[in-house]
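One structure follows; several queries about it will come next.
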Amino acid sequence: MFSKYIKFSLMIATVLFILSFPKNGVSANVLDPKTPQNIKLLPPVKQHRLLTTRKDDTNLLSNEIYFGNKRILIIGDSLSVGWDGKQVLKNNYPTILKRLLKPKSLNNAFSSAGSQISGNNNGTPIFDLSNNVSRILTTNIIKRTDIVVIEIGINDLDYSRNNLGYVQQRLQANIQRLRQANPTIKIFGILPVNSYMPVKQGDYAINQLKRALTDVYLSFGIPVLNVTDFGVANSSADLGDKLVHPTQKTYRQMATVISSWMNSNYIMLADEHNSKQLFNSNGWQKNESNQWQYAINNVLQSDYHEINGHGYYFDPKTKALVTNRNIKYLGSQWYINKVGEVFKH
C-alpha cells in the first residue's frame with residue numbers, strides 16, 4: 001500500500017513538473033507585454049540588414065568557382081567611371097569589385113559620365129544607353145561577355161524631360177538588344193543612388209524612378225539591387241560633391257555590397273527570360289533622332305495638340321515637334337516659336 005502511494009505521488013509530481021514548462025519554450029521569467037511599468041526593461045537591439053552567403057548551402061558556389069571564369073561588362077554612368085565630383089578615382093567601385101569577385105575579366109570601358117537611359121548623345125563625350133549599346137554591338141565584345149552589370153538612371157531624373165514610361169521603354173529595348181546579340185549572357189541591375197541636386201528636370205521622384213526601373217529588370221527576371229537599402233550613399237555626407245557622386249569611402253562600401261549581393265544572387269540568373277511586359281509612354285519624349293514627340297498611352301500625337309494650356313504642332317509623318325517656322329493649318333497661317341508653341345498670325 002505504501003509503495004502504491006509513493007508511485008502515485010511521483011506521478012503527480014511529474015505532471016506538475018511538466019505543466020510548469022511555459023508554452024513555446026519561453027522561460028517563465030521572461031517579461032511579457034503585461035509586465036508592470038515599474039520594472040526596468042532592457043533597450044531593444046537595433047536590427048541591421050546583413051548581406052551574407054551561407055557556407056553550408058550546397059546550392060551556392062564560392063565566388064572563385066562561379067565568377068573565376070566569367071567575363072563581366074559594366075554599362076553605367078559616372079558612378080561606374082568612378083567620378084567623385086572632382087576627379088576619377090583610381091579605386092572606383094568596378095576596380096574594387098574586380099578584386100573582390102576575382103572574375104576572369106571586368107570591363108567598365110563602356111561606362112560614360114553623364115549617360116542617360118533615354119538620352120540620345122553619341123559621344124563627345126557622353127554615350128547614352130542606346131548609342132552605347134550600339135557601339136558595344138559593333139565591337140562584338142558582347143559575344144565575349146558572360147555577365148553584364150547595368151548601373152544607370154540618375155541622369156534621367158536630373159537632366160532629362162523624358163517621361164518615366166519612355167525611360168522604361170528604352171531600358172527594356174536595350175536589354176533586349178543585348179540579349180538578342182548574346183542569348184547566353186546574364187544580367188545584374190543596379191538602381192541609381194539618391195540625388196541631392198536642388199533642381200531636377202524629371203517630373204517624378206527618385207523612389208518612382210527606382211520602382212520603374214525595378215519593374216523593367218524584374219520583367220526579365222533580372223536580379224536588382226538598391227544599394228541605399230544597405231546604408232550606402234543614402235546621405236549627402238556620403239557624396240564627394242554632396243549631390244550625386246560618392247566619396248572614396250562610399251565607393252568602397254558600394255563595391256562590398258555589390259560583391260556580397262552578386263555572390264548571394266547569381267543562382268537567380270538561371271531564371272532570366274525575355275520581357276513581355278508593355279510599358280506605357282505618357283508625355284514628352286525625345287526619340288533616337290533627337291526629335292521631341294508627345295505620347296498618350298504610347299500613341300504619338302500629330303498635327304495640332306494642346307498640352308498644359310499651350311498649343312503645339314507635330315509633323316503628321318514623323319510625329320516630331322515642329323519649331324521655329326510658319327505653317328498653314330486649317331486654312332490659317334500660324335507661327336511656331338523655337339520651343340514649339342503655336343501662335344495664329
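These numbers come from a predicted model, not from an experiment.
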Q.
Is it the case that the side chains of Arg99 and Asn91 hold a donor-acceptor pair, with the cut-off being a distance below 3.5 Å and no angle test?
A. yes
Q) Between Gln180, Gln176, Arg179, which is the residue that forms a side chain to side chain donor-acceptor pair (under 3.5 Å) with Asn274? A) Arg179
Q. Would you say Tyr166's side chain and Lys286's backbone share a donor-acceptor pair under 3.5 angstrom?
A. yes
Q | Aromatic ring pairing Tyr294/Phe314, orientation class (parallel under 30°, perpendicular over 60°, tilted between) | A | tilted
**Q.** Donor-acceptor pair between Ser80 and Glu151 side chains, under 3.5 angstrom
**A.** yes
Q: Take atom NZ of Lys104 as the centre, draw a 6.0 Å sphere, and report whether it contains more than 12 heavy atoms from other residues, nucleotides or ligands.
A: no
**Q.** Non-neighbouring partners of Asp241 that pass salt bridge (Lys or Arg N to Asp or Glu O under 4.0 Å), sequence neighbours left out
**A.** none
Q.
Under the rule for salt bridge (Lys or Arg N to Asp or Glu O under 4.0 Å), what residues qualify as partners of Glu341, not counting sequence neighbours?
A. none
Q) Does NZ or CZ of Arg325 lie under 6.0 Å from the centre of the six-membered ring of Trp334, at an angle within 45° of the ring axis? A) no
Q | Residues Arg177, Ser130; criterion side chain to side chain donor-acceptor pair (under 3.5 Å); working and verdict | A | CA-CA 9 Å; Arg177 293 174 68 197; Ser130 292; 4.7 Å; no
(Q) Do Asn298 and Gln169 pair up side chain to side chain, a donor and an acceptor below 3.5 Å, judged on atom types alone? (A) yes
Q: Could you verify whether a donor N or O on one side chain and an acceptor N or O on the other, from Thr247 and Thr250, lie under 3.5 Å apart?
A: yes
Q: Find out if a path of hydrophobic residues (ILVMFWY) with successive side-chain heavy-atom gaps under 4.5 Å connects Tyr329 to Val339.
A: no
Q: Please confirm whether Lys186 makes a cation-pi placement over Phe188, using NZ or CZ under 6.0 Å from the six-membered ring centre and within 45° of the ring normal.
A: no
Q. Just checking, any donor-acceptor pair under 3.5 angstrom between side chains of Asn263 and Ser260?
A. no
**Q.** Charged N-O contact under 4.0 Å between Arg211 and Asp215
**A.** yes
Q | Asp77 vs Ser115, side chain to side chain donor-acceptor pair (under 3.5 Å): CA-CA, chis, key distance, verdict | A | CA-CA 5 Å; Asp77 49 31; Ser115 180; over 6 Å; no
Q. Taking atom types as modelled and ignoring hydrogens, do the side chains of Asn163 and Asn282 form a donor-acceptor contact shorter than 3.5 angstrom?
A. no
Q.
Please report whether the ring centroid of Tyr312 lies less than 6.0 Å from that of Trp284.
A. yes
Q | Residue pair Tyr304 / Glu306, side-chain donor-acceptor N/O under 3.5 Å | A | yes
(Q) Under 3.5 Å, is there a donor on one side chain and an acceptor on the other for Asn194 and Lys210? (A) yes
Q: Could you name each residue pair satisfying salt bridge (charged side-chain N to carboxylate O under 4.0 Å, His left out) that touches residues 126-148, not counting sequence neighbours?
A: Arg71-Asp146
Q | Exam field: side chain Ser259 to backbone Ala255, donor-acceptor pair closer than 3.5 Å | A | no
Q) If every non-hydrogen atom of Asn162 is compared with every non-hydrogen atom of Tyr204, which pair is closest and at what distance? A) O-CE2, 3.9 Å
(Q) When you compare the side chains of Thr228 and Asn234, does any donor N or O come within less than 3.5 Å of an acceptor on the partner? (A) no
